[in-house]
Amino acid sequence: MSNLAPYCRPVGVVSSSSSSSSAAATSARPSPDTRKRVAFDPRGGGGGGRIVAGDDDDDDFDDFDEIAGGARGSGGAVRGTTDRVGCGGYSELRRRCVDYHNPSIVDVSTRLYRKPHRRSHALHGGSGLAGYVHLQCHANYLRFMGLPCGEGMGYVVPSNAYLTYCAHVTRAKNSSPVMCLSWTPGGRRLLTGNQEGEFTLWDGINFSFELIMSAHDQSFRCMAWSNNQNYLLTSDAGGNIKYWSPSIAPVQSLDSHDGQPIHALSFAPSDTKFVSCGDDATLRVWDWAGHREERVMEGHGWDVKCVQWHPRSSVICSGSKDNLVKLWDPRTGSCLSTLYGHKNTVTKVAWNDNGNWLLTSSRDQLIKLYDIRAMRELCSLKGHHKEVTSIAWHPVYETVFASGGMDGTLIYWNIGPKGSEEPAAKIPFAHDMAIWDMKWHPAGHLLATGSNDRQTKFWARNRPGSRQGLDDDGPDSIDGVSGEVLHAEMELGNHVGIVIGRRGATIIAMQRQTKTKMHVDQIRRVLQIEGTASQIETVKRRVGALLERVSSDNEDRGHGGFGGGFGGF
């Protein structure tokens with residue numbers, strides 16, 4: 001874990017020296033709405049650089065921010081940026097959430113001197129850093145290392161991609177389930193689409209809220225960027241497809257699939273065509289520039305839930321509610337082959353960037369990997385205890401991918417010659433409900449997940465010394481403690497509403513704190529608990545204390561009209 005030190009400071013620390021410098025900065029007393037700019041000083045100390053405050057006209061580093069994806073972290077001597085707030089010119093330091101600034105500078109500055117990443121697969125098992133003499137292994141040179149998942153390391157380390165630390169949890173004020181999400185080009189921001197048809201924009205580094213706007217009249221279903229990242233496509237539950245510019249401005253709107261929900265969109269490698277699929281059991285190929293439908297492909301017997309175009313060939317893969325995975329030729333509209341591996345609805349399909357591997361997931365709790373060159377199944381992965389709802393290949397390591405389940409479980413897998421069919425890392429209670437979508441940051445150092453619990457979470461690598469999600473204690477391991485998952489019930493009586501809370505806030509918070517699964521049966525008035533024996537005991541103790549406190553409050557109020565099971569509210 002020592003090699004994680006230069007990257008794994010998820011939260012910056014504000015030191016006394018930073019406070020004194022900020023106090024000196026407030027002596028200038030600029031106007032309250034003056035926003036201070038920041039710049040990178042490469043002459044900094046042990047961290048390889050430091051953040052210094054600049055004036056509003058300092059644009060020297062804007063170009064670098066575009067190249068590095070707006071990377072600003074707490075690496076080395078970085079302590080944070082200042083922002084004028086309030087009427088008295090008060091200056092506070094914003095803490096950085098992800099240490100990304102120094103490594104991104106090294107990555108950009110040495111990019112021209114490295115071999116392309118597509119050739120890095122030939123380096124594993126070799127001499128390690130051979131061919132990368134500009135990188136030093138000694139501790140004094142750690143600050144010169146590139147991104148954790150960068151290609152300049154000279155050897156493949158898939159464990160860098162197991163992002164088991166929850167760096168931040170976001171939730172909008174008018175929250176609703178997050179149906180889909182996507183990083184903007186360069187990874188500076190995260191774009192999410194919710195069940196109300198609204199876009200929400202989050203900062204990709206400090207995860208702050210930036211913008212919310214109405215995009216569709218009905219619930220979002222998917223969003224996809226073109227390969228050249230010049231345009232964004234979105235679809236909704238009413239059969240509407242919209243074109244968007246990178247500045248999130250509407251360009252064009254199309255209605256299709258007979259008003260049925262459109263579940264997936266995917267661009268052709270040339271970006272001149274794209275394909276859509278929907279609940280009308282068809283796939284439709286569209287001309288991008290002409291905004292017209294070119295071909296309708298029929299062959300599935302039920303709703304088509306997912307589709308993706310091959311990264312380099314004229315092949316389209318689709319998965320349907322009829323349990324089938326089909327390969328199509330978009331030029332003729334004919335079905336090339338059918339895969340019969342799943343026994344329930346196929347929820348997602350994903351091509352690997354190498355173009356040879358096809359990943360499929362289903363409601364039968366299985367994930368299957370196919371080699372399209374031989375049209376055979378390589379492996380069947382078992383790790384989820386509920387339906388698999390989302391999958392995503394890592395952008396750097398071609399053998400690593402992540403998957404999310406209906407019960408909120410997040411699992412990282414590493415397959416291939418040196419991989420395994422067992423989960424590489426598992427977070428049993430990453431979300432309280434189904435994970436509908438997940439996307440990797442283009443640099444591979446962050447994973448964003450959107451869930452039915454109305455939350456968007458950002459996952460990063462563990463802090464040094466932590467093994468959260470990495471302990472190999474079996475599928476029922478929770479926080480490194482192995483234990484059998486049990487089921488229990490607890491009588492609630494007239495206090496059902498107290499345990500649920502407003503919009504489910506109480507029970508969701510208790511699930512997150514105790515890392516158990518809880519459900520209230522309002523007909524029988526019992527609380528159903530799923531977890532280990534110690535976790536169930538903790539839940540019963542906390543719920544008992546809550547109900548006892550509510551009962552005592554009702555008794556103190558007397559019988560003047562505030563009694564009853566909902567007296568606490």
Interatomic distance, [X] atom [atom1] to [Y] atom [atom2] [nearest 0.5 angstrom]:
{"X": "His384", "Y": "Leu366", "atom1": "NE2", "atom2": "CG", "answer": "10.5 Å"}
{"X": "Ser362", "Y": "Lys368", "atom1": "OG", "atom2": "NZ", "answer": "9.0 Å"}
{"X": "Leu201", "Y": "Ser208", "atom1": "CG", "atom2": "OG", "answer": "9.5 Å"}
{"X": "Leu358", "Y": "Cys317", "atom1": "CG", "atom2": "SG", "answer": "4.0 Å"}
{"X": "Glu422", "Y": "Lys382", "atom1": "CD", "atom2": "NZ", "answer": "10.0 Å"}
{"X": "Asp279", "Y": "Asp303", "atom1": "CG", "atom2": "CG", "answer": "4.0 Å"}

Among [options], find the one that has a side chain to side chain contact (heavy atoms under 4.5 Å, CB included) with [X].
{"X": "Ile507", "options": "Asp432, Val520, Val543", "result": "Val520"}
{"X": "Lys273", "options": "Trp288, Trp309, Phe267", "result": "Trp309"}
{"X": "Ser318", "options": "Val275, Val349, Val307", "result": "Val307"}

Validation row, ring centre Trp244 to ring centre Tyr231 under 6.0 Å: no
Ring centers of Trp393, Phe401 separated by less than 6.0 Å: yes
Ionic contact status for Asp203 with Arg188, cut-off 4.0 Å: no
Is there side-chain contact between [X] and [Y], with heavy atoms separated by less than 4.5 Å?
{"X": "Trp436", "Y": "Asn452", "result": "yes"}
{"X": "Phe199", "Y": "Phe220", "result": "yes"}
{"X": "Thr170", "Y": "Leu190", "result": "no"}
{"X": "Leu233", "Y": "Tyr243", "result": "yes"}
{"X": "Asp236", "Y": "Arg221", "result": "no"}

Polar contact flag, side-chain donor to acceptor under 3.5 angstrom, Ser361-Thr347: yes
No-hydrogen, no-angle side-chain donor-acceptor test under 3.5 Å, Ser253 and Lys242: no
Treating [X] as the side-chain partner and [Y] as the backbone partner, does any N or O pair qualify as donor plus acceptor under 3.5 Å?
{"X": "Thr345", "Y": "Arg363", "value": "no"}
{"X": "Gln260", "Y": "His257", "value": "no"}
{"X": "Asp407", "Y": "His385", "value": "no"}
{"X": "Ser226", "Y": "Gln229", "value": "yes"}
{"X": "Ser235", "Y": "Ile262", "value": "yes"}
{"X": "Ser182", "Y": "Leu191", "value": "no"}
{"X": "Asp437", "Y": "Leu181", "value": "yes"}
{"X": "His342", "Y": "Asp364", "value": "no"}

Result of checking Phe458, Phe209, Trp183 against Trp202 for ring-ring contact (aromatic ring centres under 6.0 Å, His included): Phe209
Residues which pass ring-ring contact (aromatic ring centres under 6.0 Å, His included) with Trp351, listed by chain and number, not counting sequence neighbours: His310
